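Values in this document were obtained by computation on a predicted structure and should not be read as measured data. Counting from 1, the numbers follow the sequence of the chain as shown. Side chains are part of it too, since the values below use all heavy atoms of this structure and drop only hydrogens, waters and symmetry mates.
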Amino acid sequence: VCSSDLLAQSFCFVFLCALALFFSRFQKYEPMPRILIVDDDREIVRLVKAYLEKASFQVLTAYDGETALHTLRRERPDLVVLDLMLPDRDGWDITRIIRRDPTLAATPVLVLTARVEDHDKIIGLEIGADDYVTKPFNPREVVARVRALLRRSQRETGSRPQVLQI
């Protein structure tokens with residue numbers, strides 16, 4: 001009697017494991033939001049990237065305006081953290097291009113810059129930036145602002161597309 005009980009318990013255990021494995025294949029999979037950091041200061045990029053990755057974001061980087069535009073068009077990040085003073089094309093230009101391109105226009109832009117004057121902030125927001133943070137900055141605040149912008153953009157455009165993993 002003991003051996004048959006053990007056999008039945010083993011069968012139940014194997015069956016339940018197989019069932020759990022089968023249903024786990026059909027769970028919804030939400031990809032990590034992808035953030036593009038654009039800044040010519042590699043230390044700033046390294047710092048912001050580390051904090052965003054720790055917060056479970058996938059991070060792309062660019063160190064000049066032209067590379068930023070190429071990466072934007074190729075990778076379609078969920079949000080851009082953008083310095084204004086860049087080689088090739090400045091952040092003002094990149095923001096204008098993002099807002100004029102129908103395929104990129106909904107991408108949130110967080111300006112992260114050393115330009116601290118009120119008129120710079122006003123111009124940045126008027127040409128299409130969604131938020132404006134000045135250097136020096138708290139990296140945890142940048143992460144919080146990224147999360148807030150993504151929440152807002154998901155509400156406005158509907159939730160992120162979910163991929164059914166099979």
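- Defined by atom type and a distance below 3.5 Å, a donor-acceptor pair is missing between the side-chain atoms of Thr61 and Arg46.
- A distance of 12.0 Å separates OG1 of Thr95 from CZ of Arg89, quoted to the nearest 0.5 Å.
- The backbone N or O of Gly128 sits less than 3.5 Å from a side-chain atom of Arg99, completing a donor-acceptor pair.
- With salt bridges taken as basic N to acidic carboxylate O contacts below 4.0 Å, one links Arg145 and Glu141.
- Listed for the Thr107 side chain is a donor-acceptor partner under 3.5 Å among the backbone atoms of Leu104.
- Residue Asp101 comes nearest to Arg73 through the heavy atom pair OD2-NE, 4.1 Å, listed as atom of the first residue, atom of the second, then distance.
- Leu84 contributes atom CG, which lies 11.0 Å from atom OG1 of Thr134 (distance to the nearest 0.5 angstrom).
- Residues Ile37 and Leu112 share a single hydrophobic cluster, defined by chaining ILVMFWY side chains whose heavy atoms lie under 4.5 Å apart.
- Leu125 CG to Asp131 CG: the interatomic distance, rounded to the nearest 0.5 Å, is 7.5 Å.
- In Arg74, the CZ atom is crowded: over 12 heavy atoms of neighbouring residues, nucleotides or ligands sit closer than 6.0 Å.
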Exercise for review: Show your reasoning for whether side chain to side chain contact (heavy atoms under 4.5 Å, CB included) applies to Phe57 and Lys49.
Suggested key: CA-CA 9 Å; Phe57 293 105; Lys49 180 179 181 187; over 6 Å; no
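- By the rule that hydrophobic residues join a cluster once side-chain heavy atoms approach within less than 4.5 Å of another member, Val59 and Val48 end up as members of one cluster.
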Practice item. Start with the C-alpha gap between Lys121 and Glu117, add the side-chain angles, then the distance that decides, and say whether side chain to side chain contact (heavy atoms under 4.5 Å, CB included) holds. Key: CA-CA 7 Å; Lys121 294 175 188 177; Glu117 298 297 323; over 6 Å; no
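- In the hydrophobic cluster analysis, where Ile, Leu, Val, Met, Phe, Trp and Tyr join through side-chain heavy atoms closer than 4.5 angstrom, Tyr132 is grouped apart from Leu79.
- Here Asp41 contributes atom CG and Tyr63 contributes atom OH; the two are 10.0 Å apart, rounded to the nearest 0.5 Å.
- With respect to Lys135 and Asp83, a salt bridge is recorded, a charged nitrogen being found less than 4.0 Å from a carboxylate O.
- In terms of heavy-atom proximity, Met85 sits nearest to Ala114 at CE-CB, 3.9 Å.
- Because its NZ or CZ atom is not both nearer than 6.0 Å to the ring centre of Tyr51 and within 45° of the ring axis, Arg140 does not count as a cation-pi partner of that residue.
- No side-chain heavy atom of Glu66 sits under 4.5 Å from any side-chain heavy atom of His70.
- Nearest heavy atoms, Val143 versus Ala55: CG1-CB, 3.7 Å.
- The CG atom of Asp88 sits 4.5 Å away from the CG atom of Asp64 when rounded to the nearest 0.5 Å.
- The shortest heavy-atom contact between Ile35 and Pro77 is C-CB, 4.5 Å.
- Note that the CD atom of Glu53 and the CD atom of Gln58 stand 9.0 Å from one another [nearest 0.5 Å].
- No option in Leu110, Asp39, Ile94 other than Ile94 meets the side chain to side chain contact (heavy atoms under 4.5 Å, CB included) test with Leu82.
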Review point. Can you list the steps and then say if Ile97 with Trp92 is a side chain to side chain contact (heavy atoms under 4.5 Å, CB included)?
Key: CA-CA 9 Å; Ile97 291 167; Trp92 307 113; over 6 Å; no
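- Side chains of Leu36 and Val81 form no contact here, defined as non-hydrogen atoms less than 4.5 Å apart.
- Side-chain heavy atoms closer than 4.5 Å link hydrophobic residues (I, L, V, M, F, W, Y) into clusters, and following such links, even through other members, never connects Val38 to Val133.
- No continuous path of hydrophobic side-chain contacts links Val111 to Leu47 [ILVMFWY only; heavy atoms under 4.5 Å].
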